[in-house]
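These notes concern the structure reproduced below.
Whatever order the structure lists ligands and atoms in, that order sets their numbers, starting from 1.
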Amino acid sequence: MSIEATPRTHALGHRMKRKEDPRFLQGKGNYVDDISLPGMLHAALVRSPYPHATIKNIDISEAMKIPGVKAVITGKDLEAAGLGWLPTFHGLDKQMVLAIGKVLFQYQEVAAVFAETRAAAADGAEAVQVDYEPLPVVADPFTAKKDEILLRPDREQKTNHIYHWEVGDRAGAERALERSAKRIRQRIWFQRCHPAPLEPCGCVAQFDTMGRLQFYVTSQAPHVYRTALTIVTGIPEDRIHVISPDIGGGFGNKVPVYSGYVCAVVGALKLGRPVKWIETRTENLTSTGFARDYHMDIELGAEADGRLTALRVSTVADHGAFDAAADPTKYPAGMFGIVTGSYDVPVAHAEVDAYFTNKAPGGIAYRCSFRVTEASYAIERAMDILADELGIDAVELRRKNFIRKDQFPYPSRLGFTYDSGDYQKTLELALQTIGYDDLLTEQREKRARGELMGIGFSTFTEVVGAGPSKHFDILGIKMFDSAEIRIHPTGSGIVRAGTKSQGQGHETTWAQIVAEELGLDPQNIMVEEGDTDTAPYGLGTYASRSTPVAGAAIATAARRVREKARKIAAHLLEVGEADVEWKDYKFQVKGVPAKSVTMKEVAFAAYTNPGPNEPGLEGTNYYDPPNMTFPNGTYIAVVDVDRETGEVKVRRFLAVDDCGTVINPMIVEGQIHGGLTEGFAIAFMQEIQYDRDGNNLNTNFTDYLLPTSLETPHWETANTVTPSPHHPLGAKAVGESPNVGSPAAFVNAVIDALSPLGVRHIDMPITRDKVWRAIQSAQSATV
Ligand code: MCN
Ligand code: CUM
């Protein structure tokens, strides 16, 4: 066997090209809709045109006459089978699979039609006659709050109020605010938006000849689905095989379990044939997990010099018809407690009250790490408003209040222990890179000419990597993650993890971690995720938890492999184990660098000449992180606003991120570009609007906008590295940072541009007409 020392070329910190891309770029990905099984039927759902209505009757007779239609099921059928309602992930509510008695939002699932073709199923769905009696509609949480119309009589508590959650020191914050030299208060709405991944949700369900369920599904968390399916259907877990093949973007949209999935399983069982359900774009935008919809009243207090004295935030959350937010059990408002951000606030209080409305359920999705996006937006906007009122530069105010480097690990007033950070360093690099002083000069000159130029900052902190099992669970399952590594005789191998990439590049970065730890070639480390028969049990990929949790499991499992390998190396080198050290990516006899063996040689020996050791070379780890990781960043947006038209042009955007040790800088950049593009879309164009009658106004891509390359600004990036002290590689996550951090930078820039006119706040999305109106009313006010 010819063995050469493995150069470090593609391991940690290298811009290795993504291993998955040749498949994707050549159109050879394997998505759920590519799966076609012999005898497969297609399902289509009947959906309600009314946001709130009693169902008086469902007549399926016309539908059944359509050629190819095999069966129609309704909520009553499911109820009879004990499958009428699904538990929601954090267990605080349950959700109808198909409407029973009444519908609670427009496009709610009312019946499922199974047919030989997709077209016949769609025709069948259209032919189902549902007799509705419309009910008064509750289209916003402030109306819901009055409890004049009770939306959920099925619940024990006869109110639209779902929960009250609070953290911090209410009385202390109130006192400190009263005593503050300066106090600001702002109502900030983070609008309802939708992740809208390119591939909508879908599944194929089949019971094989042994009666075992094969379930192909667009899931970010296949193992959780398997367990949930067992809990809901009673099918033993060993008789369920969940497979998530390639996924065309998830962004949180593919965490919840949807009605279509349950209907496909029921259809496959009832009809004895495989059933495929693939949603349309409209179904995706109108009925699957939305994001945000937080109305936040935020208050900040400060001394005259800008030192923060207190923060208080009170939020009204619109959860739609069911409380289906996929938050961890103990955190109904997710990680909203990160709302003190990067600042050393002496006293703080945060509370969230959630309400039912006649809108689609969901509530955390869209690159958001469990409500961090809302929290981050609120504090970063509030800091700018405060700076403006104090007449202090927004950068100066931030500098003055940053948690200092020597304060880490930093216990925040709202219950987190920030692991590490160097906010000053990240900020200074950003200022230098963008040339802040020159921009200020330019802005002064432009303002003198009456031109509107704005510079907007966001110096955010994230909390990601759920999570320590003492705090976090979904359906009672602790939020650890896992890895299994097997090294083959010739020094290649496979790593399996409990996560599931939807475009994040795990096939590359997981291989890089193994390669780094074992001195092997990452090109020959295969990565497998998403198959519950082969992958170790894990909680999946969302909330940027993969690198902090599974990444740590992979590194730890690899180190276990290395410990085993060391014993074999000692045997090969004919020395005691204590005399063998791992150095320069190989095993050396201590003090005798010439006497060494590579991991490749050890791998071969593990199967051919293990000596007194157990043959084989494998390692497993289930990793329960001691804490979350706290990535941070400084984002700067530079915009020009056209006075005449209200058009905003984002001229520059710089993102300086700190996600600790970087595994693959190119992938990290890609994550940032993608997330910034989504943040840009949220800031300027995306909103799921409902009219006063509860009608969804953004049901397709002509009304719900995705930025193309024409609108998308050019992104500039840079980074600082503050390793996480508790992660085996020092890595923090990055997947959601750009979406968490960027909306505030965009909005702050626009408001900075408009501030000479006295404009203080505009809610997102900042459309041209909103800006134009703000300019008009500001100008007429000063005339
Ligand atoms: N990475 C790295 N070095 C670090 C941190 C991360 O090289 N210090 C790499 C990781 O190894 C991984 C990628 O960056 O390949 C993202 O890692 P991480 O930040 O751990 O996030 P996750 O893998 O858990 O991905 C989840 C996150 C979430 S929650 C959403 S939403 C989102 C996002 O990722 N959805 C995405 N990015 C997405 N990107 C694509 N293309 N598609 C989606 O659906
Ligand atoms: Cu909340 S979007 Mo991501 O966590 O899948």
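Remark: the Arg367 side chain and the Gln671 side chain contain an N/O donor-acceptor pair separated by less than 3.5 Å. A donor-acceptor contact closer than 3.5 angstrom links the side chains of Lys732 and Ser420. Side-chain contact, Glu517 with Tyr585: no donor N or O sits under 3.5 Å from an acceptor N or O.
Under the 4.5 Å side-chain criterion, counting only non-hydrogen atoms from C-beta, Pro332 is not in contact with Asp327.
Counting only distance, with no hydrogens or angles, the side chain of Thr629 and the backbone of Val464 share a donor-acceptor pair below 3.5 Å.
When heavy-atom distances to ligand 1 are checked against 4.0 Å, the residues falling inside are Gly249, Gly250, Phe251, Gly252, Arg367, Gln502, Gly503, Gln504, Gly505, His506, Thr509, Trp510, Thr541, Tyr542, Ala543, Ser544, Arg545, Ser546, Thr547, Pro548, Cys659, Thr661, Val662, Ile663, Asn664, Ile667, Val668, Gln671, Ala731, Lys732, Ala733, Val734, Gly735, Glu736, ordered by chain and number.
Residue pairs meeting the salt bridge (charged side-chain N to carboxylate O under 4.0 Å, His left out) criterion with at least one partner in residues 277-286, sequence neighbours excluded, are Arg47-Glu283.
A cation-pi contact, defined as under 6.0 Å to the ring centre and within 45° of the axis, is absent between Arg381 and Tyr377. With a 6.0 Å cutoff to the six-membered ring centre and a 45° limit on the axis angle, Arg371 does not count as a cation-pi contact of Phe336.
For the ring-ring contact (aromatic ring centres under 6.0 Å, His included) test, no residue two or more places apart in sequence or in another chain qualifies with Phe215.
Scanning the protein heavy atoms around atom 5 (O) of ligand 2, the nearest turns out to be Gln220 NE2, 2.8 Å.
If you take CG on Asn696 and CZ on Phe290, they are separated by 11.5 Å, rounding to the nearest 0.5 Å.
Around atom 1 (Cu) of ligand 2, the protein N, O or S atoms closer than 2.8 Å are Cys368 SG, listed by chain and residue number.
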